[in-house]
Amino acid sequence: MLHSFHQAISDEEFQIYLQPKVIPENGRISSAEVLVRWVRDGRLFLSPAIYIPLFEQNGFVIELDYYVYEKTFQWLRAVTGQLPDSFRLSLNVSPLHFEQPQIFIDKIQEMIQKYEVNTSKLTFEITESTYVNNTEAVNQVIHNFQRQNIHISMDDFGSGYSSLNTLKDLRFDEVKIDRKFLGDSLNENAKIVLQEIFHMLKRMKKSIVCEGVETEVIADFLKNEGCNEIQGFLYYRPMSIEDFETVMHMQKAI
């Protein structure tokens, strides 16, 4: 994997996949998360669960992230007029970028200008653990991006780092509840905890997204509690850009 990385980048073997997020009330696609898949000879080569941790260890993930951002911005420029006005794309940010946050800010700004990206279409997802471990650097990025109308989402909320201090100082526009928090079923205690978290986040005027949703029971609970968007296999799995465009065209036709 390590020896073939740069050749794979050159050959564009890393391809953009999108996993839609839906509005709970009607199931319509409202946004999507950008993911990357390694495709070789027309087939998925390796799982991201295998190569992403490895690339984070040796720093290749920084180059991969910028590759993903550039491909995303190219596509976004080509299809912006075909997407709903409120549609956003969510992009993941590796913790390594926060070792030199100004370089990250400058690079994103350069690509936005190059591809004339409508920044209102962008959300960057930063994990809760990254925020806890690099608060100052993350806040620097948030401050810069929010001035450009780029949304920031706290990803993996509830994955083991949550605290009232995190909520108290929250500068994010959106909170994404981790799938570990939901599990396969919700007991009464889990429901109470989620209800209280939702209540606090709504009072703070934060958007709420829940990922990893795979059952109707959990989806109905989240809908009733006012979750803004749901992401999970119950609705859509990650798909190629071509398949996503087809799905969006069908939704528009309905």
Is a donor from one side chain sitting under 3.5 angstrom from an acceptor on the other, for E229 and S31?
yes

Search all heavy atoms of Y51 against all heavy atoms of W38 and return the closest pair with its distance.
OH-N, 3.3 Å

Test M248 against Q82 for side-chain contact (heavy atoms from CB on, under 4.5 Å), laying out the working first.
CA-CA 9 Å; M248 291 301 293; Q82 304 169 34; over 6 Å; no

What orientation do F104 and F145 show, parallel under 30°, tilted 30 to 60°, or perpendicular over 60°?
tilted

Please report the C-alpha distance between V141 and I105 in whole Å, then the side-chain angles of each, then the deciding distance to 0.1 Å, and finally whether the side-chain contact (heavy atoms from CB on, under 4.5 Å) criterion is met.
CA-CA 7 Å; V141 171; I105 291 169; 4.1 Å; yes

Following the transitive rule for hydrophobic clusters with a side-chain heavy-atom cut-off under 4.5 Å over Ile, Leu, Val, Met, Phe, Trp and Tyr, establish whether M204 and I126 coincide in one cluster.
yes

Once rounded to the nearest 0.5 Å, what's the spacing between atom CD of E245 and atom CG of L83?
8.5 Å

Are side-chain heavy atoms of V175 and I208 found at a separation under 4.5 Å?
no

Does one side chain, of N134 or E99, offer a donor that lies under 3.5 Å from an acceptor on the other?
no

With R77 as the cation and Y115 as the aromatic partner, state whether NZ or CZ is under 6.0 Å from the six-membered ring centre and within 45° of the axis.
no

Is the closest side-chain heavy-atom distance between L76 and L122 below 4.5 Å?
yes

Ring centres under 6.0 angstrom apart (Y66, F73):
no

Return the CD1 to NE2 distance between I62 and H97, rounded to the nearest 0.5 Å.
5.5 Å

Rounded to the nearest 0.5 Å, what separates atom CG in L35 from atom CG in L18?
7.5 Å

How about NE2 on H6, more than 12 heavy atoms from neighbouring residues, nucleotides or ligands closer than 6.0 Å, or not?
yes

Find out whether I9 and L64 are in side-chain contact, i.e. whether some heavy atom of one side chain is under 4.5 Å from a heavy atom of the other.
yes

Contacts of K107 that satisfy side chain to side chain donor-acceptor pair (under 3.5 Å) - sequence neighbours left out
none

When you compare the side chain of S90 with that of K21, does any pair of heavy atoms fall below 4.5 Å?
yes

Closest heavy-atom pair and its distance - V22, S30:
C-OG, 3.9 Å

Walk me through whether N133 and F98 qualify under side-chain contact (heavy atoms from CB on, under 4.5 Å).
CA-CA 10 Å; N133 294 325; F98 297 98; over 6 Å; no

Same cluster or not: are V217 and V213 linked, directly or through other Ile, Leu, Val, Met, Phe, Trp or Tyr residues, by side-chain heavy atoms under 4.5 angstrom apart?
no

Compare all side-chain heavy atoms of F233 with those of P238 and state whether any distance is below 4.5 angstrom.
yes

Nearest-0.5 Å distance that lies between atom CG in L89 and atom NE2 in H151
13.5 Å

Are any of the side-chain heavy atoms of I50 and L54 separated by less than 4.5 Å?
no

Less than 4.5 Å apart, side chain to side chain, heavy atoms only: is that true for V36 and N92?
no

Interatomic distance, Q148 atom CD to I112 atom CD1 [nearest 0.5 angstrom]
5.0 Å

Shortest non-hydrogen contact from L96 to E56?
CD1-O, 3.4 Å

What do the steps show when you test E13 against S4 for side-chain contact (heavy atoms from CB on, under 4.5 Å), and what is the final call?
CA-CA 10 Å; E13 291 183 356; S4 63; over 6 Å; no

Tightest non-hydrogen contact, residues C227 and P24, listed as O-CG, 3.2 Å

Less than 4.0 Å between a side-chain N and a carboxylate O, is that true for E33 and K176?
yes

So if you build clusters from Ile, Leu, Val, Met, Phe, Trp, Tyr with side-chain heavy-atom gaps below 4.5 Å, do V209 and I29 land together?
no

Looking only at heavy atoms, what is the nearest atom pair of V132 and T135, with distance?
O-OG1, 3.6 Å

Show every donor-acceptor pair shorter than 3.5 Å between a side-chain atom in residues 187-199 and any protein atom, with sequence neighbours excluded, or say none if there are none.
{"unit_1": "N187", "atom_1": "OD1", "unit_2": "N189", "atom_2": "N", "d": "3.1"}
{"unit_1": "N187", "atom_1": "OD1", "unit_2": "A190", "atom_2": "N", "d": "2.7"}
{"unit_1": "Q195", "atom_1": "NE2", "unit_2": "E225", "atom_2": "OE2", "d": "3.2"}

What residues form a side chain to side chain donor-acceptor pair (under 3.5 Å) with R171, not counting sequence neighbours?
none

Working to the nearest 0.5 Å, report the span between OG1 of T80 and NZ of K121.
6.5 Å

Might you confirm whether atom CD of E25 has over 12 heavy atoms from other residues, nucleotides or ligands at distances under 6.0 Å?
yes

Can you give me the closest heavy-atom contact between V39 and G42, atom names plus distance?
CG1-C, 3.9 Å

If hydrophobic clusters are built by linking Ile, Leu, Val, Met, Phe, Trp and Tyr wherever their side-chain heavy atoms come under 4.5 Å apart, do M1 and F5 end up in the same one?
yes

Can you tell me which residue among Q146, K205, K206 is in a side chain to side chain donor-acceptor pair (under 3.5 Å) with D173?
Q146

State, yes or no, whether a side-chain contact exists between I16 and V68 at a heavy-atom distance under 4.5 Å.
yes

Hydrophobic cluster membership, with links at side-chain heavy-atom distances under 4.5 Å among I/L/V/M/F/W/Y: are L2 and F45 in one?
yes

Is it true that F60 and Y67 have ring centroids separated by less than 6.0 Å?
no

Can you confirm whether or not the ring centre of F172 sits under 6.0 Å from the ring centre of Y131?
yes

